[in-house]
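Order of the sequence lines fixes the chain letters, A, B, ..., with proteins taken first and strands second; residue numbering starts at 1 for each chain.
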Amino acid sequence: MDRDRRPRLAVWKFASCDGCQLSLLDCEDELLTLAGAVEIANFPEASSAVLEGPYDLSLVEGSITTAHDAERILKVRQQSRHLVTIGACATSGGIQALRNFADVNDFVAAVYASPHYISTLATSTPISAHVTVDYELHGCPINKEQLIELISAFLAGRKPAIAAHSVCIECKQRGTVCVMVQGQPCLGPVTHAGCGAICPAYRRGCYGCYGPMETPNMAALGREWRTLGASPRDIRRALQTFNAAAEPFRKESEAHAD
Amino acid sequence: MSEDCRNRAMSQNVSEPATTSSDGTALPVRAAAAVISRDGLQALIDALAADHCVLGPTVRDGAIVYDEIAKLSQLPAGWTDNQDAGRYRLERRADDALFGFAVGPESWKRFLHPPVETLWTARRDNDGFSIEAPSVTRRKFAFIGVRACEIHAMAIQDKVFLAGAYADPGYGSRRRDAFIVAVNCAEAGGTCFCVSMGTGPQAESGFDLALTELHDGSRHDFLVEVGSDEGASLLSRLPQRRADDADLEAAAAVIAQTRSQMGRTLDTDGIKDLLQTNANHPRWDDVAARCLTCGNCTMVCPTCFCTTVEDHSDLAGATAERVRKWDSCFTLDFSYLHGGSVRQSGSARYRQWITHKLASWIDQFGTSGCVGCGRCITWCPVGIDITEEAAAIRAHPTSGGQHGGT
Ligand code: SF4
Ligand code: SF4
Ligand code: SF4
């Protein structure tokens, strides 16, 4: 990278709720520094001034749910030196991937008064199913500290210090007493760290917002949930949320039929 | 934890901790035992609080955890813990014993070897950059209610952090300054096996003062033994009476009773060779089918010491810091050599953990890495039991092999 030139940042939205890109605007203390360190070239949520590509770093939020978006992501990739997906929608298909488990036309008919105006794909897929992704930042929503860490690491040319292990290690870091050993089903042991283990700290099992950890043993967790009294339906519903289409979660959720 | 109980700067020179000599034997200070009442115990806490951050067992989030305490009323009077593999429940006792439980979710490791520690910060300046030590200060720790297994765990971590040319100054200062009030266990937990490991239930050395709770219908006080000069001097300032033969007998009976109640046993005979020559045993795949590779066992273990370091830099490129965090041999990053992780499978990772703990630790540090506290059994979400896994290998030690797959 040319050292005298500020790297050019672009933020893209696909099927999503905007929550992840808003985490960037939520970085109030760091926002001015960020604007000094990078050229914010394309971030419609923040500024209507959109500059032409190519871009050094593209942050991509959202999943692919339309034929139009499947085309658009190819163009984003072509204009981006580095492409990082942010959030559960972009990394695993998001909550909208529940359509993958059913007939999308049924959803469309149930939700829209005039279904014939809706043109959509039968599935919601992560960005990595369409183009090469350089790094994935997990979470629903992403953790803004991790986002700052990611951009800082990019600027310094180093690896982001972002762990892929279980949420359990974060519980232990903050001194939370394990809720699962006290009888409450928890997704923490199979879930990717990143949130800082918020839910167990409030005495609730983990909801799996950050998707599967690096080596999830889903079958072992499923068995333990049954031992703790969870029904097959409970397990299926716990796994079919924001990261429903992440392969380990999908597979285990479908192994628990009523 | 309050601010002044957090870590302090690590610039001090460090020597061996005062209460344990390098070979783990007790220092020779041993005065006659005394008896103190519950008021005497409060006086002990008050005296320590003058220049220590006093930590002891207290009930939080349905468990007995170690946290800051000031009053006797914060101790878990009348509570006990029901522990089994992957299971912990707080339960009421029939009496109001203050130490009528085994060990909780986390050990004193959390304070001596904290889970996250900033090692240094670098700032860019006109001449390049300067490096600063962290500027945090804290008071000395006083630990109330340290169990025999935990004292052994500290001695094991001393070997890791303080022996040899590269001692860890932060650990050293925290450890050297810590005042240790041991408690001889009056109740073994469902997953305890200190008798097998030769680490309990009686605290024999490595403490400043050791208590035995003497509690029956007619009395509720504490036998106090002295383990250091500092302990002797503190005891001399407390209301007390000299212990008589009946007190000593009562205390011995408490310990004998606990000794007979162990929840688990582990046969350590030849265990080093057993594990080191069974790297391809089918049991490793069996345990891997159950293991979540979550890392809880290593986090809760009072001797596990592994860490990773993370380097952070800020957006402006003006400051950087190096942070040390607890790591686990169950993460992929832990065994990452260029191009990939050496231990890809759950089998390789569980085998690494138990073999290090019970066997190669002996090569490395001259003792077992396990003190039989039972935490890894209780706090494993799926209840994998180190004693059961070791026994399974012993039952059919047929497959042989010193080198297993990844
Ligand atoms: S509460 Fe959940 S995430 Fe935390 S240690 Fe227990 S199982 Fe793991
Ligand atoms: S290996 Fe398990 S029983 Fe042994 S010291 Fe560690 S946590 Fe305690
Ligand atoms: S043995 Fe238990 S606590 Fe340890 S990594 Fe496996 S599942 Fe987690």
Side-chain angles (χ1 to χ4, degrees), chain A residues 27 30-38 148-149 151-186 188-191 193 200-203 213-221 223-224 227-228, chain B residues 1 60-67 83-90 104-106 110 114-116 288-296 298-300 308-318 320 323 325-328 330-334 341 344-346 349 378-384:
Chain A
C27 297
E30 296 89 355
L31 212 50
L32 279 179
T33 321
L34 177 67
V38 299
I148 294 294
E149 166 61 18
I151 299 174
S152 305
F154 170 76
L155 290 170
R158 64 178 171 83
K159 189 179 161 198
I162 292 174
H165 55 54
S166 67
V167 171
C168 303
I169 291 182
E170 294 190 313
C171 271
K172 294 299 175 286
Q173 253 168 31
R174 66 188 286 170
T176 298
V177 179
C178 178
V179 301
M180 184 131 161
V181 167
Q182 293 175 311
Q184 199 182 145
C186 177
V190 294
T191 298
Y202 291 91
R203 317 309 300 145
M213 52 86 99
E214 54 190 7
T215 54
N217 187 341
M218 300 303 303
L221 188 85
R223 278 195 302 271
E224 191 62 26
T227 308
L228 293 173
Chain B
M1 221 194 304
R60 170 172 50 86
D61 294 335
I64 298 167
V65 301
Y66 299 143
D67 213 333
Q83 302 194 37
D84 203 343
R87 190 178 186 282
Y88 180 102
R89 297 289 184 279
L90 203 53
E106 287 195 80
R110 163 154 226 101
V116 181
R290 290 172 278 132
C291 174
L292 300 162
T293 63
C294 62
N296 274 309
T298 56
M299 299 285 127
V300 299
T308 183
V309 284
E310 287 180 355
D311 288 341
H312 297 269
S313 53
D314 67 355
L315 284 170
V323 178
K325 290 183 168 173
W326 286 354
D327 200 0
S328 167
F330 285 91
T331 72
L332 275 184
D333 242 9
F334 185 87
S341 295
Q344 293 285 335
S345 67
R349 281 179 264 165
T378 299
W379 297 99
C380 170
V382 291
I384 291 172

Using non-hydrogen atoms only, which part of Asp311(B) is less than 4.5 Å away from chain A: side chain, backbone, both, or neither?
-> backbone

Checking heavy atoms, do the side chain of Glu149(A), its backbone, both or neither come under 4.5 Å from chain B?
-> side chain

If you count heavy-atom pairs under 4.5 Å between each of Leu332(B), Val323(B), Thr378(B) and chain A, which one has the most?
-> Leu332(B)

Per-residue tally against chain A (heavy atom, under 4.5 Å) across Gly62(B), Gly86(B), Pro105(B) peaks at Gly86(B)

Distance in Å, Gln182(A) CD paired with Leu90(B) CG, rounded so as to fall on 0.5 Å steps | 8.5 Å

Euclidean distance, Arg158(A) CZ relative to His312(B) NE2, rounded to 0.5 Å | 7.0 Å

side-chain contact (heavy atoms from CB on, under 4.5 Å) evaluation trace for Leu292(B) with Leu221(A) | CA-CA 7 Å; Leu292(B) 300 162; Leu221(A) 188 85; 4.0 Å; yes

For Arg174(A) and Arg110(B) the tightest heavy-atom approach is C-NH2, 3.5 Å

Interface check, chain A: of Lys325(B), Gln83(B), Arg60(B), Arg89(B), most non-hydrogen pairs under 4.5 Å belong to Arg89(B)

Just by modelled atom types, is the Gly383(B) backbone N or O under 3.5 Å from a matching donor or acceptor in the Glu224(A) side chain?
-> no

Among Ala289(B), Ser345(B), Ala288(B), single out the residue with the greatest number of heavy-atom pairs under 4.5 Å to chain A.
-> Ala289(B)

If you tally heavy-atom pairs under 4.5 Å between each of Ala316(B), Gly295(B), Gly346(B), Ser313(B) and chain A, the highest tally belongs to Ser313(B)

Which bit of Val382(B) is near chain A, if near means a heavy-atom gap under 4.5 Å: side chain, backbone, both or neither?
-> both

Can you name the closest pair of heavy atoms from Cys291(B) and Asn217(A) and give their distance?
-> O-ND2, 2.8 Å

Between Gln173(A) and Val116(B), what is the shortest heavy-atom contact and its length?
-> CG-CG2, 3.9 Å

When rounded to the nearest 0.5 angstrom, what is the spacing between CG in Asp314(B) and CD1 in Ile148(A)?
-> 10.0 Å

Mind checking the OG-NE2 spacing from Ser328(B) to His165(A)? Nearest 0.5 Å is all I need.
-> 8.5 Å

Contact class of Arg223(A) relative to chain B, heavy atoms under 4.5 angstrom | side chain

Spacing of CD1 belonging to Ile169(A) relative to CG belonging to Asn296(B), to within rounding of 0.5 Å | 8.0 Å

Test item: Glu30(A) side-chain N/O and Leu315(B) main-chain N/O as donor-acceptor pair under 3.5 Å | no

Evaluate side-chain contact (heavy atoms from CB on, under 4.5 Å) for Val177(A) paired with Trp379(B), printing each intermediate quantity in order.
-> CA-CA 9 Å; Val177(A) 179; Trp379(B) 297 99; 3.8 Å; yes

Thr293(B) and Glu214(A): side-chain contact (heavy atoms from CB on, under 4.5 Å), yes or no, with the steps?
-> CA-CA 9 Å; Thr293(B) 63; Glu214(A) 54 190 7; over 6 Å; no

Could you tell me which of Ala85(B), Cys294(B), Pro115(B) has the largest number of non-hydrogen atom pairs under 4.5 Å with chain A?
-> Cys294(B)

Given Gly188(A), Cys186(A), Pro216(A), Cys178(A), the one with more heavy-atom pairs under 4.5 angstrom with chain B than any other is Cys178(A)

Portion of Met218(A) that has a non-hydrogen atom of chain B nearer than 4.5 angstrom | neither

